[in-house]
Student: 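Pasting in a structure now, in C-alpha cells, and then I'll have a few things to ask.
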Amino acid sequence: MIQVFNTLTREKEVFKSITPGKINMYVCGPTVYNYIHIGNARSAIAFDTVRRYFEYRGYDVNYVSNFTDVDDKIINRAQEEGISEMAVANKYADAFHEDTLPLNIKPATVRSRATEVIPEIIAFVQDLVNEGYAYEVEGDVYFRAKKFKGYGILAHQDLAEMEANAAGRLDDEETARKEDPIDFAVWKSQENPDVISWPSPWGNGRPGWHIECSVMAQKYLSDTIDIHGGGIDLAFPHHTNEIAQSEAHTGQRFVNYWMHNGFVNVDNEKMSKSLGNFTTLHDLLANYDDPMAIRYLLATTQYRRPINYAEETLAQARAELDRIRTGYRNLEFRLTSAISGHDNVIDQEVNRQQQAFETAMDDDFNAQNAIAAVFELVTLANTYAESDTVKQSSGNQLLETLQMLMQIFGVDIVETQTSLNPEQKQLFDDRANARKSHDFQKSDQLRDELNAQGIIVEDTPQGQRWHKA
RNA sequence: GGUAGUAUAGCCAAGUGGUAAGGCAACGGUCUGCAAAACCGUCAUCGCCGGUUCGACUCCGGUUACUACCUCCA
C-alpha cells in the first residue's frame with residue numbers, strides 16, 4: 001500500500017491507479033529559454049524517483065512531460081540573440097537532454113512540445129469558447145475563471161482575495177480587456193509578423209501558458225490521469241488553471257493525485273529567476289566531477305521538503321554517498337575470496353532492510369527513512385566483509401540489493417570498471433612483493449607513487465587492493 | 001493583509017503520547033609495519049510560554065522566528 005500526499009486534499013491518501021498495474025502521470029517540464037537550474041533538476045529528479053519506485057513496485061508507468069517552447073521568455077531571448085524562437089527552444093531542449101543524462105534521469109515515455117500540439121490546442125480553445133467557458137477579445141481568448149465551480153481550490157485560494165490582489169497588479173490594458181481580473185489567457189493574439197505565431201479562428205497568435213499541459217495530458221494520457229506533478233509554485237496559477245480548463249472541457253475529474261515538489265533554496269532563500277541567485281545545472285556539471293552526488297542530494301531529500309543548496313550540503317551528500325560506495329567496494333573485494341553457500345542470518349537481515357526501505361518509500365516516498373535502511377545494509381556489508389568466512393551467495397545478494405535500492409534513487413553506486421595500465425600494474429605487484437619481504441620503505445614509496453597517479457592502494461587481510469581516488 | 005509550511009545535537013535529517021532513527025563532522029578505542037578503509041564507543045530532551053494527561057518532543061491554546069504562495073518561476 002503506497003500513500004501519496006495529495007495537494008488537493010492536503011492529506012496522504014492510499015494510492016490507487018485507475019487501471020490496475022498502470023500509472024498515467026504527467027509532469028510539468030521546463031520552459032526551454034535557458035539552461036535549467038538546480039530547481040528544475042530537483043523537480044525532474046523528484047518525479048523520476050517517484051516513477052522509479054512505482055516501477056520497482058511493479059507498475060507500468062506512462063510518464064509524459066513537456067517542453068514549453070513558445071512564450072514571452074523565449075520570444076525575448078530570440079530577439080536578444082537575433083535568432084528564431086525555435087532555434088532558442090531547440091538549443092535548450094538539447095541542453096536539457098545533455099545535462100540530465102549524467103543525473104541518470106530516465107527519458108519521459110513521451111516528451112512533447114507545445115508547438116507540436118497547436119492544432120489540438122486550437123480545437124481545445126474553440127471548444128471552451130463554444131461551451132461558454134472562454135471568450136474572445138481582440139484576438140485574445142480568456143477563460144472565465146468564475147464560471148468554473150471550485151476555481152482555486154487546489155492552491156486553497158479564496159476567489160474574493162484573488163480578485164482584490166489581481167486587480168491591483170495587472171496592467172490596466174489587459175485588465176480592461178478581461179471580463180474579470182482573474183480570468184486568464186488561453187490564446188494570445190500576435191499580429192507582429194516578426195514574432196512566431198499560428199493562424200487561428202481568432203487571428204494569428206499563440207497558446208496561453210496553461211493550455212498546453214491540459215491538451216497534452218489529454219492527448220497522450222487520458223481525460224483523467226493518475227498523477228500530475230510539478231513544483232509547488234505551479235499549484236497556483238498554472239495547475240489551478242489546468243484544472244479549470246480540463247474539467248470544464250471534459251466534464252471529468254482531471255487528476256486523481258496532485259504531487260508538488262518543494263523548492264531548492266540558496267542560503268535559505270528561494271532560488272528564482274527574478275532574484276538571479278540560481279545556479280544552472282549546466283554550470284554546476286561543468287565545475288563538479290561527481291554528478292551522482294548531485295543526484296544523491298536531490299533524490300534522497302523527501303520530495304516535498306525544501307532543500308537548502310550550498311557547496312557544503314553537496315559536499316556532505318558526497319561524503320554520504322562515498323560511504324555507500326566504499327561499503328559496496330569493501331564487500332565486493334572480499335567476495336573474490338568467498339566460499340560458496342549462504343548465511344541465513346545475512347539473508348534475513350538483507351530482506352529485513354529491504355522491507356524497511358519499502359515501508360519508508362510507501363509512506364509518501366520518505367527518502368530519509370529509506371536511506372537509513374540503506375546505511376544499515378552498508379554497515380552489514382562492512383561487518384560481513386570483515387568476518388572470517390563470507391559466503392558467495394549471501395554476499396552477492398547483499399550487493400545486488402544495495403545496488404538495486406540505490407537505483408531507485410537513480411544513484412549508480414557501482415563505479416565503472418577501469419584497470420591499471422601495465423606500468424601501474426607493475427608498481428602494484430612490486431609493492432606487494434616489497435611488503436612480503438618487509439621492505440616497507442620501498443612499499444610505501446610505491447604506494448605514494450600510485451597515489452600520485454590517482455590510484456589508492458589499501459591493504460586487507462586478503463591482500464592489497466586498489467581503487468581510483 | 002489572506003493562505004500554507006517549517007522550527008529536533010556543530011551540520012543534514014527521521015520520528016512518536018511512554019523516557020529521541022540514520023548520516024556528515026568531532027573525539028576515544030580496535031585493527032594495520034605505517035596508512036587507508038572498516039568496526040566498537042562517546043556526543044541532543046526536541047523555538048519559547050502555558051494547558052490536557054499517570055506521562056508530551058509528539059495533543060490543545062498562545063507566542064516568537066524563518067520561508068513560500070496570492071497570475072515570471074520547478
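So you know, we letter chains A, B, ... as the sequences are listed, proteins then strands, and number each from 1.
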Student: Counting only Watson-Crick pairs (N1-N3 plus N6-O4 or O6-N4) and G-U wobbles (N1-O2, O6-N3), all under 3.5 Å, who is the partner of B:U53?
Tutor: none

Student: What is the separation between atom CD on A:Gln441 and atom P on B:C34, rounded to the nearest whole Å?
Tutor: 16 Å

Student: With sequence neighbours excluded, what pairs up with A:Lys12 under the side chain to side chain donor-acceptor pair (under 3.5 Å) test?
Tutor: A:Asp363

Student: Which whole-number value in Å describes the distance from A:His260 NE2 to B:A68 P?
Tutor: 18 Å

Student: Who pairs with A:Val266 by side chain to side chain contact (heavy atoms under 4.5 Å, CB included), at least two apart in sequence or on another chain?
Tutor: A:Met271, A:Asn277

Student: Watson-Crick or G-U wobble partner for B:C43, using a 3.5 Å limit on both distances?
Tutor: none

Student: Of A:Thr109, A:Val50, A:Val64, which meets side chain to side chain contact (heavy atoms under 4.5 Å, CB included) against A:Met25?
Tutor: A:Val50

Student: Return the residues of residues 447-465 of chain A meeting this criterion: a heavy atom under 4.0 Å from some atom of RNA chain B. Order them by number, or give none.
Tutor: A:Arg447, A:Val457, A:Glu458, A:Asp459

Student: Which one is paired to B:U6, where only Watson-Crick or G-U wobble pairs with both distances under 3.5 angstrom count?
Tutor: B:A65

Student: Would you say a side-chain N or O of A:Asn382 is under 4.0 Å from OP1 or OP2 of B:A38?
Tutor: no

Student: Would you please name every residue forming a side chain to side chain contact (heavy atoms under 4.5 Å, CB included) with A:Val195, sequence neighbours left out?
Tutor: A:Ile75, A:Gln79, A:Glu85, A:Gln190, A:Asn192

Student: What residues form a side chain to side chain donor-acceptor pair (under 3.5 Å) with A:Thr31, not counting sequence neighbours?
Tutor: none

Student: Look through every strand shown and name the nucleotide pairing with B:A20 as Watson-Crick or G-U wobble, where both distances are under 3.5 Å.
Tutor: none

Student: Starting at atom CZ of A:Phe440, determine the distance to atom C1' of B:C34, rounded to an integer number of angstrom.
Tutor: 8 Å

Student: For A:Val27, report the nucleic acid contact type (base, sugar-phosphate, nothing); a contact means any heavy atom under 4.0 Å.
Tutor: nothing

Student: Distance check needed: B:C72 P versus A:Phe184 CZ, whole Å only.
Tutor: 14 Å

Student: According to a strict under-4.0 Å criterion, is A:Asn366 in side-chain N/O contact with OP1 or OP2 of B:G15?
Tutor: yes

Student: Kindly say whether, by distance alone, the side chain of A:His37 makes a donor-acceptor pair under 3.5 Å with the base of B:A74?
Tutor: yes

Student: Is A:Arg435 side chain donor-acceptor paired with the B:G33 base, going by distance under 3.5 Å alone?
Tutor: yes

Student: Would you list the protein and nucleotides 65-67 of chain B atom pairs, both N or O, that sit under 3.5 Å from each other?
Tutor:
none

Student: Flag yes if more than 12 heavy atoms outside A:Lys106 fall under 6.0 Å of its NZ atom; otherwise flag no.
Tutor: yes

Student: Among the candidates B:A38, B:A7, B:C73, find the nucleotide nearest to the side-chain atoms of A:Glu386.
Tutor: B:A38

Student: Can you sort out the partners of A:Thr49 under side chain to side chain contact (heavy atoms under 4.5 Å, CB included), two or more places apart, ordered by chain and number?
Tutor: A:Ile45, A:Arg295, A:Ala299, A:Met361, A:Phe409

Student: Under the side chain to side chain contact (heavy atoms under 4.5 Å, CB included) test, which residues partner A:Asp444, sequence neighbours left out?
Tutor: A:Arg447

Student: Identify each donor-acceptor pair in which a side-chain atom of residues 372-382 of chain A lies under 3.5 Å from a protein atom, sequence neighbours left out, and give them as a table.
Tutor:
| residue | atom | partner | partner atom | Å |
| --- | --- | --- | --- | --- |
| A:Thr379 | OG1 | A:Arg323 | NH2 | 3.1 |
| A:Thr379 | OG1 | A:Phe375 | O | 3.2 |
| A:Asn382 | ND2 | A:Asn330 | OD1 | 2.8 |

Student: Could you tell me whether A:Glu179 and A:Lys146 make a salt bridge, using a distance below 4.0 angstrom between a side-chain N and a carboxylate O?
Tutor: no

Student: Want to settle it: does A:Ile307 or A:Ser43 sit nearer the 5' end of RNA chain B, counting the closest nucleotide to each?
Tutor: A:Ile307

Student: Which residues pass the side chain to side chain donor-acceptor pair (under 3.5 Å) test with A:Gln245, sequence neighbours left out?
Tutor: A:Ser214

Student: Just the rounded figure in Å: distance from C1' of B:G33 to CG of A:Leu446.
Tutor: 15 Å

Student: With both distances under 3.5 angstrom, what nucleotide forms a Watson-Crick or G-U wobble pair with B:U30?
Tutor: B:A38

Student: Could you pull out all residues at least two apart from A:Asn104 that satisfy side chain to side chain donor-acceptor pair (under 3.5 Å)?
Tutor: A:Gln407

Student: Determine which nucleotide pairs with B:G1, using a 3.5 Å limit on both distances of a Watson-Crick or G-U wobble pair.
Tutor: B:C70

Student: Distances for protein N/O vs nucleotides 20-24 of chain B N/O pairs under 3.5 angstrom?
Tutor:
| residue | atom | partner | partner atom | Å |
| --- | --- | --- | --- | --- |
| B:G23 | O2' | A:Glu320 | OE2 | 3.4 |
| B:G23 | N2 | A:Gln316 | NE2 | 2.6 |

